[in-house]
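Contents: one structure, followed by commentary.
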Amino acid sequence: MPAGHAKVAEPNAVARAVLGRRSWAVLALICHIELFVQRHYEESIAPQAELCPLWKDVFLFHWREECQHAILDELEWRAEHERIDAAERDAAVDDLIALVGAVDDILRAQADADASYFAATCGRPLGTRQRAHVGEVLRRAYRWQYVVSGAQHPRFERLLAEMTTPGQQHRIAMALEPIVADV
């Protein structure tokens, strides 16, 4: 990005936060990411006839690679699920909720930073309400792309339903509710 753009997430801090969580939760989040990447291609790139064919091919092959990754991620997640006991899985659900919350914190901060960047570089002054609106639109878009589209992916929903109890599913749904309601 041109000068003035800021990435709010410090990669080493993110890595420490993720690696400090249980493997079950990390594998669930990785699977979630692979699936939202696939969904992004399926819904916003594949159906667009006017896009450059070469550009579409690059993303098609990326999509294919992500499909392979998702299969491997699912196998690893299931193996970890079988390896740990019910109490450990219950704690891992809390870790997954915490990881999604951390992702959301990063998204909200990045949306604010990106809105400020846009306001500074768009070529005209933005009022307080316009700037707030830009931030709101970015926050909602980021939440949809990086949390909700993966959490609501049918395959992820199925996997999560197979590997969690109804009570755990309720805790996850309650944690996601404010994010889902915002998009």
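Computed from a predicted model, the values in this text were never measured in an experiment.
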Checklist entry - Which atoms form the tightest heavy-atom contact between D182 and R140, and what is the distance? => result O-NE, 2.8 Å
Item to check | Rounded distance (nearest 0.5 Å) linking atom CD of Q38 with atom CD of E43 | outcome: 11.5 Å
Item to check | Spacing of L160 atom CG and Q168 atom CD [to the nearest 0.5 Å] | outcome: 9.0 Å
Next on the checklist: For a quick test of reading the model, state the closest non-hydrogen atom pair linking W144 to Q152 and the distance between them.
Outcome noted: CZ3-OE1, 3.8 Å
Checklist entry - What do the steps show when you test F118 against L126 for side chain to side chain contact (heavy atoms under 4.5 Å, CB included), and what is the final call? => result CA-CA 9 Å; F118 177 80; L126 295 182; 3.9 Å; yes
Next on the checklist: Is there a salt bridge (Lys or Arg N to Asp or Glu O under 4.0 Å) between D112 and R139? Walk through the geometry before answering.
Outcome noted: CA-CA 8 Å; D112 289 344; R139 183 190 71 245; over 6 Å; no
Checklist outcome for this item: Apart from W63 itself, members of its ILVMFWY cluster (side-chain separation under 4.5 Å) are Y41, I45, L51, W55, F59, L60
Item to check | Heavy-atom donor-acceptor pair, S149 side chain to F36 backbone, under 3.5 Å | outcome: no
Checklist outcome for this item: d(D94 CG, I172 CD1) to nearest 0.5 Å is 9.0 Å
Next on the checklist: Quick check: closest heavy atoms across A25 and D95, and the distance to 0.1 Å?
Outcome noted: CB-CB, 3.5 Å
Item to check | Salt-bridge contact E88-R83 (side-chain N to carboxylate O under 4.0 Å) | outcome: no
Next on the checklist: For E50, is there any backbone N or O sitting under 3.5 Å from a side-chain donor or acceptor partner on K56?
Outcome noted: no
Item to check | Spacing of F61 atom CZ and D57 atom CG [to the nearest 0.5 Å] | outcome: 5.5 Å
Only pairs under 3.5 Å count here: list side-chain donor-acceptor contacts from residues 174-181, not counting sequence neighbours, and write none if there are none.
none

Checklist entry - Can V14 be reached from V103 by stepping across I, L, V, M, F, W or Y side chains whose heavy atoms are under 4.5 Å apart? => result yes
Checklist entry - Under 3.5 Å, is there a donor-acceptor pair between the side chain of E82 and the main chain of A79? => result no
Item to check | Atom pair OG1/CZ of T164 and R171 - distance to nearest 0.5 Å | outcome: 9.5 Å
Item to check | From L27 atom CG to L72 atom CG, the distance as rounded to the nearest 0.5 Å | outcome: 11.5 Å
Checklist entry - So, for R131 and A115, which heavy atoms are closest and what is the spacing to 0.1 Å? => result NH1-CB, 3.5 Å
Checklist entry - Between R108 and D104, is there a salt bridge with N-O shorter than 4.0 Å? => result yes
Checklist entry - Does any N or O in the side chain of H32 come within less than 3.5 Å of the main-chain N or O of F156, such that one atom is a donor and the other an acceptor? => result no
Checklist entry - What pair of heavy atoms forms the shortest contact from M163 to W24, and how long is it? => result O-CZ2, 3.7 Å
Checklist entry - Under 3.5 Å, is there a donor-acceptor pair between the side chain of R21 and the main chain of L99? => result no
Next on the checklist: Tell me whether R22 is salt-bridged to E80, with the criterion being a basic N under 4.0 Å from an acidic carboxylate O.
Outcome noted: no
Checklist entry - Looking at I106 and A9, what are the two nearest heavy atoms and their distance? => result CG2-CB, 3.8 Å
Next on the checklist: Can you see whether D114 engages Y142 through a side-chain donor-acceptor pair at a distance of less than 3.5 angstrom?
Outcome noted: yes
Checklist entry - Does E74 reach the main-chain N or O of C31 with its side chain, forming a donor-acceptor pair under 3.5 Å? => result no
